[in-house]
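Let me begin by presenting the structure, written as structure tokens, before commenting on it.
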Amino acid sequence: MPELPEVEGVVRQIRPAALGKKIRDVYVSETIRLSKTNGKEAIIKRMEADRFIESLIGAQIVSVERRSKYIYFTLKTAGNEFLLVNHLGMSGAWFYVDQLLSIAEEKFRRHVHVVLTLSDGNLLAYSDIRRFGEMRVLKEEAEFPPLLLMAPEPFEKGALTHFLEMAESPKYKAKPIKEVIMDGQVISGCGNIYATEALFKMKIHPNRAAGRISRLRKIELFETIVAILLESIEAGGSTISDYRNVNGESGNMQNRFGMYGKKHCLTCGTATKTLKIGGRASVYCPTCQK
DNA sequence: AGCAGCGTCCGGCCGC
DNA sequence: TGCGGCCGGACGCTG
């Protein structure tokens, strides 16, 4: 499950590979075409496959940035800039390869759905086993309004203040803290894994109402989330099953988890419990987390 | 009007 | 070994 650190790792690898190059050719899989023919919105949103291909071919890749868990490719055609915005969903992965057979693992190779052939002949291949990922071609960010509602980047000045204001607002203060910190309008890029880890580290029960945590503890919680995200970026992200970086390598952060996926608490040995919070499985230690 | 709750994109994996 | 059911980021729709 790619969250902020995994997407950051991907962007840092795509950037040097893609910057300044042109998109010479674009491939969209038959699977995606068939889905779209059947009225589904598989991966390529709000655009026909051929129109998607047409709009990308010949464009120059001007920048590659991460915003929350989204990848923004700024593209330029005939002097006009536009965006290709990609979300990796559950199982999206980009591979930078000379040919598709260079994608080492078969399970990724068989689910390649979009391929960008760059002007140097190399490929940026997008694989998505579960097809929960998204690609949107946009004139500007505002063309997809949810992007404008995203919380500031967690490492930016202002992100803490934004978090505190949101967490203390009428809309959020009665909600479980885990649901609040996983909401992209409150904090950008914190998904189930890092929310679970941060709450464990802070000894906060995931179901505790946001409004029943002191201001000081909320500040510490935010700082903990930021520290864990940074630690994970350093560790190359977390690989539970389907995350791979652009070179096909797994991350190492999963080896540092204190709670996610654990049957027993690493601190006290108590059997962990799992609650459904905001529709997501939420593991915690009933002894340590209050 | 705004929000809760569910449907939607799916293959992998679990358990029977 | 076969197969039904569950899982899940985040939008979009409904009531």
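Each chain gets a letter, A, B and so on, in the order its sequence line appears, and its residues count up from 1.
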_Under 6.0 Å from the ring centre and within 45 degrees of the ring axis: does the NZ or CZ of A:Arg67 meet both conditions for the six-membered ring of A:Tyr72?_
no
*Considering heavy-atom distances to DNA chain C, does A:Arg136 or A:Ala281 have its closest nucleotide positioned more toward the 5' end?*
A:Ala281
Please report, rounded to the nearest Å, how far the [atom2] atom of [N] is from the [atom1] atom of [X].
X	N	atom1	atom2	value
A:Arg280	C:dC11	CZ	C1'	12 Å
A:Glu41	C:dA10	CD	C1'	14 Å
A:Lys40	B:dC10	NZ	C1'	9 Å
A:Met182	C:dG8	CE	C1'	9 Å
A:Arg67	C:dA10	CZ	C1'	15 Å
A:Met90	C:dC11	CE	P	15 Å
A:His87	C:dG12	NE2	C1'	15 Å
A:Leu88	C:dA10	CG	P	11 Å

Can you see if the side chain of [X] gets near the phosphate of [N] - specifically, an N or O under 4.0 Å from OP1 or OP2?
X	N	value
A:Lys276	C:dG8	yes
A:Ser35	B:dC10	yes
A:Lys69	C:dA10	yes
A:Lys45	C:dG12	no
A:Arg46	C:dG12	yes
A:Tyr172	B:dA4	no
A:Lys171	B:dA4	no

*Is there side-chain contact between A:Glu197 and A:Lys201, with at least one heavy-atom pair below 4.5 Å?*
no
*Does the side chain of A:Leu83 reach to within under 4.5 Å of the side chain of A:Phe144, using non-hydrogen atoms?*
no
Taking only the side-chain heavy atoms of [X] (C-beta and beyond), determine which of [options] contains the nearest atom.
X	options	value
A:Lys175	B:dA4, C:dG12, C:dG9	B:dA4
A:Phe144	C:dC11, C:dG8, B:dG12	C:dC11
A:His111	C:dG8, B:dG12, C:dG12	B:dG12
A:Phe132	B:dG12, B:dC9, C:dC11	B:dC9

*Taking N and O atoms by type only, does the side chain of A:Arg130 place a donor or acceptor under 3.5 Å from a partner on the base of C:dC7?*
yes
_On DNA chain B, compare the nucleotides closest to A:Ile32 and A:Lys107; which residue's is nearer the 5' end?_
A:Ile32
*Using distance alone, with no hydrogens and no angle criterion, decide if A:Tyr126 and A:Asp128 have a side-chain donor and acceptor under 3.5 Å apart.*
yes
*Judged by modelled atom types alone, do A:Asn122 and A:Asp120 share a side-chain donor-acceptor pair under 3.5 Å?*
yes
_Over 12 foreign heavy atoms within 6.0 Å of NZ, A:Lys175_ = yes
*For A:Gly184, report the nucleic acid contact type (base, sugar-phosphate, nothing); a contact means any heavy atom under 4.0 Å.*
nothing
